[in-house]
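So the structure is just underneath, and the comments pick up after that.
On a predicted model such as this, the values are computed, not experimentally measured, just so you know.
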Amino acid sequence: MASEESEQPLTREDVLRLIEEHGGTAQGLDLSKRDLLGMDLSGLDLRGINLQGARLGDANLQRADLKGADFQKARLFRANLQEAILWSAHLQGADLGDTDLRRADLWDAYLQGAYLRNARISGDTLLQNARWGDYRLGEERDKKWDDAV
């Protein structure tokens, strides 16, 4: 049974405090299945953070460093990921519906089974070596992905 503390929604200040308590780094910090709805995490260094199954709908992650972050099965519906660095991030099965991925860098990101309906992708969204399953997608740009899965 989850502790009462883990059921409470977190604030930006909570996340910053948890990073500090974790040795000043987000690497390996476990915030899986946590409620981060609408949170402003813009510009933060969240490399290697575990956000599996977290609820991040409407969150602002603009310009956040999310290299190697684990978003498997996370709910990022309508999140702002503009200019976020998502190198080698794990987004398998994540809900990225209506997310803003303009100018995001998804180099070598794992996107198998990610839900991308109405995600905003621009010509400068970087998808080189993005992993979609049994193949890699490199130069798909300026597309509206209405029913991408």
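Atom CG in D100 sits 8.0 Å away from atom OG in S122 (nearest 0.5 Å). Remark: L86 CG to L127 CG distance equals 10.5 Å, nearest 0.5 Å. Summarising the geometry, atom CG belonging to L66 is positioned 9.0 Å from atom CG belonging to D45; distances are rounded to the nearest 0.5 Å. Taking CD of E20 as the start and OG1 of T25 as the end, the distance is 10.5 Å to the nearest 0.5 Å.
For the pair L46/I19, a side-chain contact is recorded, criterion being any heavy-atom separation below 4.5 Å from C-beta on. Contact of the M39 side chain with the L10 side chain is registered, since non-hydrogen atoms from C-beta on lie closer than 4.5 Å. Side chains of L36 and L51 form a contact here, defined as non-hydrogen atoms less than 4.5 Å apart. By the 4.5 Å heavy-atom criterion applied to side chains, L31 and I49 are counted as neighbours. Side-chain contact between D14 and L16 is absent, with no heavy-atom pair separated by less than 4.5 Å.
No donor-acceptor pair closer than 3.5 Å links the side chain of N118 to the backbone N or O of R120. The backbone N or O of L101 lies less than 3.5 Å from no partner atom in the side chain of T99, so there is not a single donor-acceptor pair. With hydrogens and angles ignored, the 3.5 Å screen pairs a side-chain donor or acceptor of R55 with a backbone N or O of K33. Of the possible donor and acceptor atoms, one in the side chain of R34 sits under 3.5 Å from a partner among the backbone N and O of Q8. Side chain of N129 to main chain of R131: no donor-acceptor pair is present (N/O by atom type, distance under 3.5 Å, no hydrogens or angles).
Linking Ile, Leu, Val, Met, Phe, Trp and Tyr whenever their side-chain heavy atoms come within less than 4.5 Å puts L96 and W132 in one cluster. W107 and L81 sit in two unconnected hydrophobic clusters of ILVMFWY residues. Membership requires side-chain heavy atoms under 4.5 Å apart, directly or through other members. There is no path of hydrophobic side-chain contacts, each under 4.5 Å, that joins L111 to F77. Transitive grouping of hydrophobic side chains (ILVMFWY, heavy atoms separated by less than 4.5 Å) brings L56 and L44 into a common cluster.
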- Show your working on side-chain contact (heavy atoms from CB on, under 4.5 Å) between L76 and L61 and close with a plain yes or no. CA-CA 10 Å; L76 290 141; L61 293 155; 3.9 Å; yes
- Item | salt bridge (charged side-chain N to carboxylate O under 4.0 Å, His left out) between R75 and D95, worked out | CA-CA 5 Å; R75 290 173 268 175; D95 180 355; over 6 Å; no
- Residue pair L106, L126: steps toward the side-chain contact (heavy atoms from CB on, under 4.5 Å) verdict: CA-CA 6 Å; L106 290 127; L126 301 176; over 6 Å; no
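Contacts of Y110 classified as ring pair (Phe, Tyr, Trp, His ring centres under 6.0 Å), with partners at least two apart in sequence or in another chain: H90. Partners of I85 by side-chain contact (heavy atoms from CB on, under 4.5 Å), not counting sequence neighbours, listed by chain and number: D65, K67, W87.
Here E13 does not pair with R17 in a salt bridge; the nearest charged N to carboxylate O distance is not below 4.0 Å. At a threshold of 4.0 Å, the pair D40-R12 counts as salt-bridged, since one of the basic side-chain nitrogens sits closer than that to a carboxylate oxygen.
Screening residues 82-93 for salt bridge (Lys or Arg N to Asp or Glu O under 4.0 Å), with sequence neighbours left out, gives E83-R103.
The two atoms that bring A114 and L91 nearest to each other are CB-O, 3.6 Å, heavy atoms only.
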